[in-house]
K.L.:
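After the structure tokens below, expect a handful of questions from me.
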Amino acid sequence: MKTIYRIFKSVGLALIALWMVSCQDLLTEDPKGQLAVTNFFNSKADLDLALNGMYSKVASDMYANIWAGFESVMGDDISTHPAANKQGLREVDTYNVSDNNTWVTELWGARWRLVKAANFIIDNAGRTPEVSQEEKDAAIGQAYYWRAYSYFYFVMAWGEVPMVVKDEINYNMPLATVPEIYELIVSDLKKAETMVPANYTKDPYARNGVNIAVSQGAVKATLAYVYMAMAGWPLNKGTEYYQLAAAKAKEVIDAAKKGTYYYKLLPDYKQVYSMEYNKNNPEVLLGVYYNLGIDALTNAPLADFLADYAYGGGGWGDTNGEIKFWYDFPKGSRKDASYFPKIILKNETKLRDWWEDPNPEAPRVVVAPCFMKKVETTTGEEFDYTNPKISMNQNGEKTHQIIRLAEVYCWYAEAVGRSKTGSITEAVNILNEVRNRANGSVVADRDIYKTTMSYDELAEAAYNEHGWEIAGYYWGNIATRARDMFRMNRIKDHFEYRKLNPEIEVAPGVFRKEAVPVSGTWNDSKMYLPRPFVDSSINPNLKN
């Protein structure tokens with residue numbers, strides 16, 4: 001377990017700003033950065049240092065798509081490039097991942113680094129002198145949350161993994177079962193729920209009128225989605241856990257409507273991922289905040305638009321939208337804000353539809369819709385897809401949104417539907433709030449979901465609405481489209497669809513299909529990433 005044990009061998013903490021990215025790895029073995037545990041947590045400054053160190057891991061290990069959750073390309077909303085340097089992504093997109101996939105190894109290591117930082121606080125912060133119990137609880141509660149966050153990643157992406165809850169080295173550490181890992185996740189979240197405040201009032205935990213650190217609402221919302229996951233595949237706990245999910249989601253919704261939490265939906269979907277609300281978004285229950293002025297090592301806005309686009313000299317083409325998902329996506333302001341409504345190709349100024357391929361002698365490598373949620377300019381102004389000369393580069397400071405209130409609305413409605421208990425009327429009204437905003441200002445498109453719908457219809461409507469809400473967004477999001485498909489055991493259906501890869505008539509007489517082929521025979525092991533060879537070569541328990 002080279003990766004795990006390199007991380008768990010020592011504790012080094014760098015003093016860095018909360019939520020900002022540091023160039024120094026707090027978990028390296030550089031002795032200049034190490035502090036003995038026995039001589040630490042002797043003051044409030046030590047507690048702040050440890051908490052800042054943990055948040056530095058959140059930020060630095062989530063700034064780029066290689067660490068933020070690229071396994072989401074398993075879902076039906078995202079695909080990638082058929083060639084170029086995208087092998088790591090392409091293996092995941094085709095459900096044929098090797099155990100030496102470098103992207104997988106990096107994501108695996110990032111999650112273990114955060115577990116290490118969280119364990120350090122959980123184990124030691126309680127003995128900090130001359131600090132109020134409330135402050136210690138808030139710090140430890142945040143650590144419990146991020147440990148649960150990491151293990152939720154593990155259990156969804158890898159299934160069985162070692163369950164490390166102490167600073168220890170064990171080269172023969174056994175795998176914990178999926179039920180055992182979920183038991184830890186729920187336990188950690190329940191502890192965090194009672195320890196972190198509903199709202200923060202002091203910098204750096206509160207800024208610009210929003211919570212920067214983990215708050216009670218974020219914990220409750222995460223717990224709601226974890227219950228949704230436990231209700232579905234592979235545990236299949238069913239009705240009881242859908243009821244738990246609905247109840248926990250409703251706690252968040254009710255508290256927001258009463259004003260206990262400040263969260264609310266923004267009136268226009270285009271504002272959700274805008275720079276206008278980048279650092280003060282009232283819809284975001286939990287985000288990872290960046291500041292380009294502190295450090296250039298931040299997120300990469302070019303990663304997810306295509307290389308042959310004119311904007312900023314072209315993107316990296318890491319991912320693009322899948323065609324059928326785009327085709328099924330309801331028209332309206334949400335779709336226009338999620339995808340490039342039109343594109344401009346290199347060496348052109350003309351606005352085109354994404355499916356156009358104007359030069360048959362040099363055809364485009366990838367002809368597909370492209371998501372626009374992560375696009376960011378160097379100046380901080382809003383991205384304008386009609387301007388090919390807009391200034392862009394690989395650095396940026398766009399917040400990574402982990403949970404939004406609109407998602408909680410969808411989870412509540414789906415959980416009510418799947419449990420077949422609770423008020424359909426209330427769930428439908430809440431779901432209509434999400435869809436009404438998505439449709440925009442057209443009066444005829446309001447309240448399309450009716451209280452006469454069945455529980456099953458409600459569940460599927462909410463499942464689809466959540467997919468459209470977060471389509472193409474995998475930058476640390478707790479509930480991607482792929483995770484929705486995972487818990488509903490629908491990834492295998494998409495695998496079979498991708499094998500067929502039918503052409504879709506995207507415009508009259510214009511047919512397009514996915515550029516990346518899928519082949520082989522399905523088995524449930526394809527639901528998971530392989531545990532990296534770098535660790536399984538040391539600990540035989542990790543062998544896939």
K.L.:
Would you check if the side chain of Asn101 reaches a backbone N or O of Val97 as a donor-acceptor pair within less than 3.5 Å?
P.N.:
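Flag not set: sc Asn101 to bb Val97 has no pair under 3.5 Å.
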K.L.:
Using a strict cut-off of less than 4.0 Å between a Lys/Arg side-chain nitrogen and an Asp/Glu carboxylate oxygen, indicate whether Lys373 and Asp304 qualify as a salt bridge.
P.N.:
no
K.L.:
So Asp484 and His466, side chain to side chain donor-acceptor pair (under 3.5 Å) or not? Walk me through it.
P.N.:
CA-CA 9 Å; Asp484 282 350; His466 182 256; 2.6 Å; yes
K.L.:
Are there over 12 heavy-atom neighbours, none belonging to Lys324, within less than 6.0 Å of that residue's NZ?
P.N.:
no
K.L.:
Kindly indicate, with the supporting measurements, whether the criterion side chain to side chain contact (heavy atoms under 4.5 Å, CB included) is fulfilled by Phe511 and Trp355.
P.N.:
CA-CA 9 Å; Phe511 294 84; Trp355 55 80; over 6 Å; no
K.L.:
Check the angle between the aromatic planes of Trp522 and Phe495 and answer parallel, tilted or perpendicular using the 30° and 60° thresholds.
P.N.:
tilted
K.L.:
I'd like to check the salt bridge (Lys or Arg N to Asp or Glu O under 4.0 Å) partners of Glu356; sequence neighbours left out, ordered by chain and number.
P.N.:
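Result, salt bridge (Lys or Arg N to Asp or Glu O under 4.0 Å) vs Glu356: Arg352.
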K.L.:
Got a salt bridge between Lys279 and Glu397, using NZ or NE/NH1/NH2 to carboxylate O under 4.0 Å?
P.N.:
yes
K.L.:
Within a radius of less than 6.0 Å around NZ of Lys513, do more than 12 heavy atoms belonging to other residues, nucleotides or ligands occur?
P.N.:
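Counting other residues, nucleotides and ligands, NZ of Lys513 stays at 12 neighbours or fewer.
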K.L.:
Taking everything shown except Asn359 itself, do over 12 heavy atoms lie less than 6.0 Å from its CG?
P.N.:
yes
K.L.:
With a cut-off of under 6.0 Å to the ring centre and 45° to the axis, is Arg437 in cation-pi contact with Tyr269?
P.N.:
no
K.L.:
Could you list the residues that satisfy side-chain contact (heavy atoms from CB on, under 4.5 Å) with Lys264, not counting sequence neighbours?
P.N.:
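Testing Lys264 for side-chain contact (heavy atoms from CB on, under 4.5 Å), a comparison that skips the adjacent residues, returns Pro282.
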K.L.:
Closest heavy-atom contact between Trp468 and Asp328?
P.N.:
CZ2-O, 3.9 Å
K.L.:
Could you check whether any side-chain heavy atom of Cys410 comes within less than 4.5 Å of a side-chain heavy atom of Leu431, counting everything from C-beta outward?
P.N.:
yes
K.L.:
Return the orientation label for the Phe152 and Tyr225 ring planes: parallel under 30°, perpendicular over 60°, tilted otherwise.
P.N.:
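Judged by the thresholds at 30° and 60°, the geometry between Phe152 and Tyr225 is perpendicular.
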